[in-house]
Structure formats: C-alpha cells, structure tokens
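These notes concern the structure reproduced below.
The structure displayed is predicted, hence computed values, not measured ones. Throughout, protein chains are lettered first and strands after them, A, B, ... in sequence-line order, and every chain is numbered starting at 1.
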2 protein chains.
Amino acid sequence: MTTEARRKRASISDVARLAGVAVGTVSNVLNRPDIVAPATRARVEAAIKEMSFVPNAVARQLRVGTITTVGVVVLDIRNPFFTEVARGVEDRLALADHTLMLASSDDDPARERKYLQLFEQHGVVGLLVVPSGPDLDQLLEVQSRGVRVVLLDAPAGSSGLSSVSVDDEAGGALAMAHLIERGHTQVVMLNGSHDIRQCAARLVGARRAASAAGLDPEAAVREVQLRALDSASGVEATLALADAPDGLPSAIFCVNDLVAVGVQRALRLRGGTALLESVAIVGYDDIDIASELAVPLTSVRQPTHEMGYRAADLLLAPESAEIEQVVFAPELVVRASSAR
Amino acid sequence: MTTEARRKRASISDVARLAGVAVGTVSNVLNRPDIVAPATRARVEAAIKEMSFVPNAVARQLRVGTITTVGVVVLDIRNPFFTEVARGVEDRLALADHTLMLASSDDDPARERKYLQLFEQHGVVGLLVVPSGPDLDQLLEVQSRGVRVVLLDAPAGSSGLSSVSVDDEAGGALAMAHLIERGHTQVVMLNGSHDIRQCAARLVGARRAASAAGLDPEAAVREVQLRALDSASGVEATLALADAPDGLPSAIFCVNDLVAVGVQRALRLRGGTALLESVAIVGYDDIDIASELAVPLTSVRQPTHEMGYRAADLLLAPESAEIEQVVFAPELVVRASSAR
DNA sequence: CTAGGGTAATGAAAGGATTCAATGCCGAGA
DNA sequence: TCTCGGCATTGAATCCTTTCATTACCCTAG
C-alpha cells in the first residue's frame, strides 16, 4: 500500500481506469453517491481506497470557481487581542462550514500587501483585514474584483468597505478621564505609530478628555512613540523615561496591555514594588491576564470575540447586503493599577 | 475603473485579446519579461493594468503542481505557547519566501482531521502538526502521498515522521523535584486528557521524580483532570478542590500557565492574597506574562520560538533529508509562586 | 414485437495558466 | 538573390475536476 508510488498523486482518471468506469462516474461517486448504482459505487470506492486517492482541491476549485476559505490578516499573532478576535471569526465561520487562513502582517504594509495578494490569488471568498496603515486603496481594488472585504478593528468611513470596529477615541477618552479624575494632570501615553489608526485615535480621545476637563491637551498628554507594540518596547520606553531629566510621570496610559505589562516589568526592575505601586497605569484591550498581574491592570475592554464573530457575519452576508459599519463601544475596567 | 465589471475576474486570454497578442506572450510577460520585446511588453503591461488583471493562482498551481504554502495545525490559537511557536515557524518560512496557513484544532481529533484534509487537498508543500491524539495514521498516510510532515511538540518515535519536541517527562520531573525540595510531599497535578501526550508525559515525569525521592508516586502526585486547558477550567478545578472534603493541597502543578493563572484567580476569589500565597504553584510554558503575575509564576520553560523555527527548517529540508527527531530540554524558572 | 420511460453511465467541454515545439520574420553573409 | 541563424511570438497540449447533453440499457405497457 505504502510501497512505491509516491511520485505522483493519483488522479480521478487513474481511479476510473482501475475501477473500469468513466471519470464522470467517479466524480459522481464523490459528489452525488446516491445517483450511482450500489454495485458500481462499491467498485469505485474500493479503487479509491486501493490507490489512496485524495481529490485535488485545486482542480476542483478551478472548475467550480468558488471556495469556502476566508483570509484573515491581523497585525500581530502574538497579541491576545487579535487571537481572541480570530477566535470569534473562526466560531462564526465554523457555523457556515468555512475555514480560516490566518496571517500576521507585523504592522508592515509590505507584508500586508503580500498576504492580500496571496489570498486573492488563491481565490478566497473574502478577507478580514486589520489594516496596518491608512491606505485602503488595495483593499478597495480587491473588493472591486469581487472578493468580499471587511475591515477589522478599523472604521471604513465612507470608503465603501464594511467594517467592524470599536470607538477608539471614546476608549482613549475613557482612560484619560479616569486618570484625571484620579488627580493626574500630566500623563505619558506610550503609543504606536500614527499610521496605525487605533494609536492615533486613542491619543486624540485622550487629549479630547483633557480639554474637556479644562487642561491643555498637549501638556496633559505627552506622547512617547514606541518601536513596537509589545512588552519589550514597553520595558525599553519606561527605562528611557526613568533615565530622562523629567523622570517618570505619575501616570502612564499604554496603547495596549502588552505594553503595560512591559511598563510594570520595567518599574519593578528599577524600583521594586514601591515604585511599581506609585505610578498609575492604564492599559488597553483587557487581555485575559490583566486581572492577574502583580498589580492588576486597569484597562479598556473591547468586545473581542464579538467583533470577530460579527465581522465574519458581515462577510458571509448575501452578496446583495449593504455596506455596513459596526461600531462597538469600549468599556473601562478599573483595577488596582490606577488606584492612588 | 471601478465602474461595472465585477462579475468575473479577467483571465490571461482577455488580456491577450486586448493587447492583441497570444496568451503565451502574456504568460511570458508575467514570468520571463526579459525574453519579450520591450514594445510588446509595454503593450501587454498596459492591458494588464487596464483590466486590473490578477493572475489566478489556482490555475497556476494546477498546472505547475507546486506551491509555497505550509499548513500549521495547533491545539489552541489562544495559547501563547502555540502562537510563539507559530511565530518561529513564520520567521523561518519568510526566509524561504513561503507562507503559513494557521488553523486551530481545539484538541478535537475530528477538527484536526478536517484541517489536515483541507490542507492536503489544497496542495500545501508541507504540514506542521501538533497532534491532538496519539493516532498518527492519518499523518503517515498524508506523508506517504508526498506531503512533508513534521510533528510539533510531540516526539514521533519510530513512526517514520520527523518531529520537534521538548522532553515533557523531564519537564514534569523538574517541576516535581523542585516542589519536593521545597518540602511538598503531596501535590495535586491539574492535568489534561492523557490523549494529549504532553499531559500524560508530564504526569509520568512528575511521578518519576517522586519515586526518585523515595515517595509513593501515586500518593505524592494526585491527578485531577480538566475539561480544557485554559484559565477558566483552572478556576473551576481549584474551586472544586477547595470545596472537596480533603481541601486544598499545599502545592499544585499545572499542565500549563493558563491553567495556573486560573488557579491563582480562584485562590484569590476564595481566600484573598493570604490564601494565594499559601499554596505553591508551578506552571508550564513560561509564557510572557508569567513573571508579571500577582504572584510571579514558577514555570517550566520551553524554547518555543526555536522549536517553531527548527520545525520549519526540517520541513524545508531537501526531499532526500533523513527523518529526524529533535528533542529540546526544558528548563525550570523559579519565581515567587513556589517559595515557602 | 415495438414504443416509450426511466435509470446508469459516458465522455467531451470548460476553467485559467504554463510550457514548448513550431512558425514567422529580419538581417547578414555567400 | 538565396540561405541560414537567431530572436520574437504563437497556439496547442497539459494539469484535474465538474458538468451536462448524450448514449446505452432494461423493463413495462400497448
């Protein structure tokens, strides 16, 4: 059985020859077994087993045109926020017997472009994309060629794409308003590149909250840009702050929880638990372990699973369905990290 | 440009017609631009742009046979251990200009089977699989049909597959020996199904360490089986232990860090920080945030990124390469959760 | 005994890109 | 003027499956 062969996959016509029937009949056994006579069917099935034949999905797809795979491009596969979203997508797709191909663009527009191209060339039925930059042209082009596209975690505005997102300005405002209420008037925000819309929007929201409280927005929220959005750059940035002439601020707003974890790590490294407890920290995403940290993290929660689920829903909607913008509201979860 | 069309992708012959050349010429422009006369090439390129033609990768693949996609099946995409491994895979594949399709089997052999089938039908060049059960038959079959297969996080033994794994018995032994040294002679292990090899092996290792220390292995390591390997079931199991007649043990060994996080959460729920600090906990995987928890977690570290990288390496090795078993050694990282 | 109806099986066409043997053409050399 | 070499282009064959109009066959009713 596993003797030689190997060189080449058996094809439907090999099976047909072995079973002594026409290729069409084999195809029928595969796809509409009920219309072929039991005896013939048995013979064909035996031949299939004998040759350990696996239908070539590529050829099938070429002929049939359609397929049930959805491409998902996220910014960073290691960020629990995205895997939670992906999970929501997967759960929804499973209901429709579709499958998911996941890729991670690493915030890199070139990689994003490459993956989009790859997915499109492979004829996916649709794409769910967390765009790495503000440029939606490629996505619009892809959509104009008949691939369904839904933006994830970014509002599409009037661009003509559907989207599922969270109001990031509101999230930034929630975080800042909370810190102001706790008495902090000078906050450092550890942020990512403004090419990442979420980062820009959260800053805008934070400054808006500062204005609303009668503070000078620029002075109240000082931005520090990170190289990346993970815990390592959180550590790095915090150490740099500590070493700077101004020293550490009384409060730090982090663009996501991983960064906040890094901040906590750096503070502990520098000044132990005392220092760690003296700086107020607010994160973003409310990842699973935010509540289990040494100092449980105040964070802005987004309905991750639901976002993914809903996005997949939009993608699977009938062709005729309208372009739709779904915007979820974020929610602040207060924990010890922002207590006095 | 984005006017109507939509109905159908342009094909190479549409382009050929528009440019007034033969299909073969268009194909040449696409794949070997240097051999076509500049004037012709320009004309064809204009036609391609005009029709916003995207080559159909499916047709190409059917003809050419080969492809540069690798399928990866992990147990749970939300587990940082697996995403870190996936990251290592991705990094290695990127060097070879290959791409990764990720799927999550959810510990469910049926789902695993489905994904394997899907990937194989799509003609992936290879598969990296974290098997959900002990049954490798399907994988062997797939391999016998010419798809390269590498087992991830599971030793293939003499089955004829390549594999990259960590010595889980050694890991279990490390954890238990450490707890014994700290004076714990009755440990509860929160474990997953023995169908998951890692779970079974870690228990075996723990009991081996108990024996080596002169303890009765069965009594020293009491096993409690979990429904799933996430923090929620850690919470659930811990609450059940607390409510049981025997009460909580002095030490808990968790089959992974997520479970350990759940244990900590449950302990805090039940008895606050005091209770939390009175129970020794050892986790497994040393995920990024293990060191940042309320009580930093002692954990068994595995070289995740390197495992993924190495596995991809094996997969990309020349056809002729030998079957190879790579076994990494785990390492114990001691933190506060297992202090007295 | 024939016509007609229904079931089973057939096999050619289609789908889009690549490949390669064959053709066309042009200019240079005889 | 004729021939030959080399470059550019052509278009049929191929990859494997699905689809569907057609054929083959058997049985029953007239």
Side-chain angles (χ1 to χ4, degrees), chain A residues 5 7-45 47-48 51-68 117-118 120-124 145-147, chain B residues 5 7-45 47-48 51-68 117-118 120-125 145-146:
Chain A
R7 217 61 249 151
K8 223 176 200 93
R9 288 167 74 156
S11 83
I12 206 176
S13 62
D14 297 328
V15 173
R17 201 171 318 120
L18 180 61
V21 299
V23 292
T25 303
V26 178
S27 176
N28 283 337
V29 170
L30 257 25
N31 303 299
R32 311 199 287 293
D34 41 303
I35 75 159
V36 14
T40 318
R41 195 195 319 165
R43 204 145 34 92
V44 172
E45 279 166 351
I48 288 176
M51 313 193 74
S52 75
F53 162 75
V54 177
N56 184 330
V58 173
R60 164 171 225 288
Q61 189 186 333
L62 175 59
R63 178 65 236 255
V64 178
T66 183
I67 193 187
T68 61
Q117 201 177 335
L118 193 85
E120 181 179 8
Q121 293 188 355
H122 279 285
V124 295
R145 292 188 213 103
V147 180
Chain B
R7 219 58 246 154
K8 222 177 201 93
R9 287 167 75 154
S11 84
I12 204 175
S13 62
D14 298 327
V15 173
R17 200 171 319 118
L18 179 61
V21 299
V23 293
T25 304
V26 178
S27 175
N28 283 338
V29 170
L30 257 26
N31 303 298
R32 312 200 287 293
D34 41 305
I35 75 159
V36 14
T40 318
R41 193 194 321 163
R43 202 144 36 92
V44 171
E45 279 166 350
I48 287 176
M51 312 193 75
S52 75
F53 162 76
V54 177
N56 184 330
V58 173
R60 164 171 226 288
Q61 190 186 334
L62 174 59
R63 180 65 235 259
V64 179
T66 182
I67 194 187
T68 61
Q117 202 177 335
L118 193 84
E120 180 178 8
Q121 293 188 355
H122 279 282
V124 295
V125 65
R145 290 188 215 107

Atom pairs, protein N/O to nucleotides 22-26 of chain C N/O, distance under 3.5 Å:
none

Report each atom pair, protein N/O against N/O of nucleotides 6-13 of chain D, whose distance is under 3.5 angstrom.
from: D:dT9; atom 1: OP1; to: B:Thr40; atom 2: OG1; distance (Å): 2.1
from: D:dT9; atom 1: OP2; to: B:Ala37; atom 2: N; distance (Å): 2.9
from: D:dT10; atom 1: OP2; to: B:Ala22; atom 2: N; distance (Å): 2.8
from: D:dT10; atom 1: OP2; to: B:Thr25; atom 2: OG1; distance (Å): 2.6

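In this structure, A:Ile48 places its CD1 atom 14 Å from C1' of D:dC16, rounding to the nearest Å. Between the CG atom of B:Leu62 and the C1' atom of C:dT18 there is a distance of 10 Å, given to the nearest Å. Distance A:Asn56 CG to D:dT14 P: 18 Å, rounded to the nearest Å.
Across all their heavy atoms, B:Val44 and B:Val21 have their closest contact at CG2-CG2, 4.0 Å.
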List, one per line, each side-chain donor-acceptor pair under 3.5 Å for residues 11-20 of chain B, sequence neighbours excluded.
from: B:Ser11; atom 1: OG; to: B:Ser13; atom 2: N; distance (Å): 3.2
from: B:Ser11; atom 1: OG; to: B:Ser13; atom 2: OG; distance (Å): 3.0
from: B:Asp14; atom 1: OD2; to: B:Ser11; atom 2: N; distance (Å): 2.8

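For the OP1/OP2 pair of D:dC15 and a distance below 4.0 Å, the side-chain nitrogens and oxygens of B:Arg60 include no atom meeting the criterion. Side-chain nitrogen and oxygen atoms of A:Asn31 include at least one within less than 4.0 Å of the OP1 or OP2 phosphate oxygen of D:dT18.
Screening residues 32-43 of chain B for side-chain hydrogen bond (donor to acceptor under 3.5 Å, both in side chains) gives B:Asn28-B:Arg32 as the qualifying pairs, with residues at least two apart or on separate chains.
Residues from residues 11-19 of chain B that place a heavy atom under 4.0 Å from any atom of DNA chain D: there are none.
The distance from atom CG of B:Asn56 to atom CG of A:Leu62, rounded to the nearest 0.5 Å, is 6.5 Å. Atoms OG1 and CG, from B:Thr68 and A:Leu118 in turn, are 6.5 Å apart once rounded to the nearest 0.5 Å.
Bending across the helix from C:dC1-D:dG30 to C:dA30-D:dT1, expressed as the angle between its end axes from five pairs apiece, amounts to 70° (10° rounding).
The nucleotide whose nearest atom lies closest to any side-chain atom of B:Phe53 is, among D:dT17, C:dA17, D:dT18, C:dA17.
Listed by chain and residue number, B:Asn31 satisfy the side chain to side chain donor-acceptor pair (under 3.5 Å) test with B:Ser27 (two or more places apart in sequence, or in another chain).
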